[in-house]
Amino acid sequence: MGNYTLQKTERLSSRIYIDKLFAGGSKSLPAFPLRIVYMPVEGDGLPTVSLLISVPKKRFKRAVKRNRVKRQIREAYRLHKSLLTDKLQATGQKLIIAFIWLDNELHPSTRVEEKVCKLLQLTAERI
């Protein structure tokens, strides 16, 4: 049985790592309506995967819609994160990732879950 939790320590909140992730040297994969940006890092205090979710205000003006999309992505990641974490633990690597929403429309949770799963599989293959 897998670990289906998303703890506070797994969320990317460090300004240094966020700047490093978007400054360059990171890799990106699209799966409309999402894009994943990821970068391997080294550090003792970090979990195997640190997660950031971004839904731009440019896409949804209302916070209710932005929060709904973030909730859908978090839930999909929580259920399928073992696709990525198992491979990372086997190799001893650590990763910071960001999910970025690209569409102006809301999508059903099943579609979001499919795309998150696809992106996690692609990321695991490329590492």
*Before giving the answer on side-chain contact (heavy atoms from CB on, under 4.5 Å), spell out for Arg74 and Ile53 the whole-Å C-alpha distance, their side-chain angles and the decisive distance to 0.1 Å.*
CA-CA 8 Å; Arg74 265 195 316 268; Ile53 299 172; 3.4 Å; yes
Following the transitive rule for hydrophobic clusters with a side-chain heavy-atom cut-off under 4.5 Å over Ile, Leu, Val, Met, Phe, Trp and Tyr, establish whether [X] and [Y] coincide in one cluster.
X	Y	result
Ile36	Leu21	no
Leu106	Phe99	yes
Leu120	Leu29	yes

Any donor and acceptor pair, going by atom type alone, linking the side chain of [X] with main-chain N or O of [Y] inside 3.5 Å?
X	Y	answer
Ser50	Leu46	no
Lys94	Glu42	no
Glu10	Gln7	yes
Ser28	Val37	no

*Considering only heavy atoms from C-beta outward, does the side chain of Tyr17 approach that of Leu52 to under 4.5 Å?*
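Result no, sub-4.5 Å side-chain heavy-atom pair not found.
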*Side chains of Leu51 and Ile97: closer than 4.5 Å at any heavy-atom pair?*
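Leu51 vs Ile97: side chains touch.
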How long is the span from the [atom1] atom in [X] to the [atom2] atom in [Y], to the nearest 0.5 Å?
X	Y	atom1	atom2	value
Leu88	Leu84	CG	CG	4.5 Å
Ser14	Ile96	OG	CD1	8.5 Å
Leu12	Ser54	CG	OG	11.5 Å
Ile73	Arg78	CD1	CZ	15.0 Å
Leu95	Lys87	CG	NZ	11.5 Å

Give the minimum heavy-atom separation between [X] and [Y], together with the two atoms involved.
X	Y	answer
Gln93	Ile127	OE1-CG2, 2.6 Å
Leu83	Gln121	CD1-CG, 3.8 Å
Pro56	Trp101	CD-O, 3.7 Å
Arg126	Tyr38	CB-OH, 3.6 Å

Determine all donor-acceptor pairs shorter than 3.5 Å in which one atom belongs to a side chain in residues 111-119; sequence neighbours excluded.
from, atom 1, to, atom 2, distance (Å)
Arg111, NH1, His107, ND1, 2.9
Glu113, OE2, His80, NE2, 2.8

_Applying salt bridge (charged side-chain N to carboxylate O under 4.0 Å, His left out) as the test, list every pair that has at least one member in residues 50-72; sequence neighbours left out._
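Residue pairs passing salt bridge (charged side-chain N to carboxylate O under 4.0 Å, His left out), neighbours aside: none found.
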*When you look at Val49 and Tyr77, which way does the side-chain contact (heavy atoms from CB on, under 4.5 Å) test go after all the steps?*
CA-CA 11 Å; Val49 178; Tyr77 173 76; 3.2 Å; yes
_Trace of the side-chain contact (heavy atoms from CB on, under 4.5 Å) decision for Leu34 with Ile100_ = CA-CA 6 Å; Leu34 283 168; Ile100 302 169; over 6 Å; no
_Leu102/Arg35 under side-chain contact (heavy atoms from CB on, under 4.5 Å): CA gap, chis, key distance, verdict_ = CA-CA 7 Å; Leu102 302 174; Arg35 178 179 15 183; 3.5 Å; yes
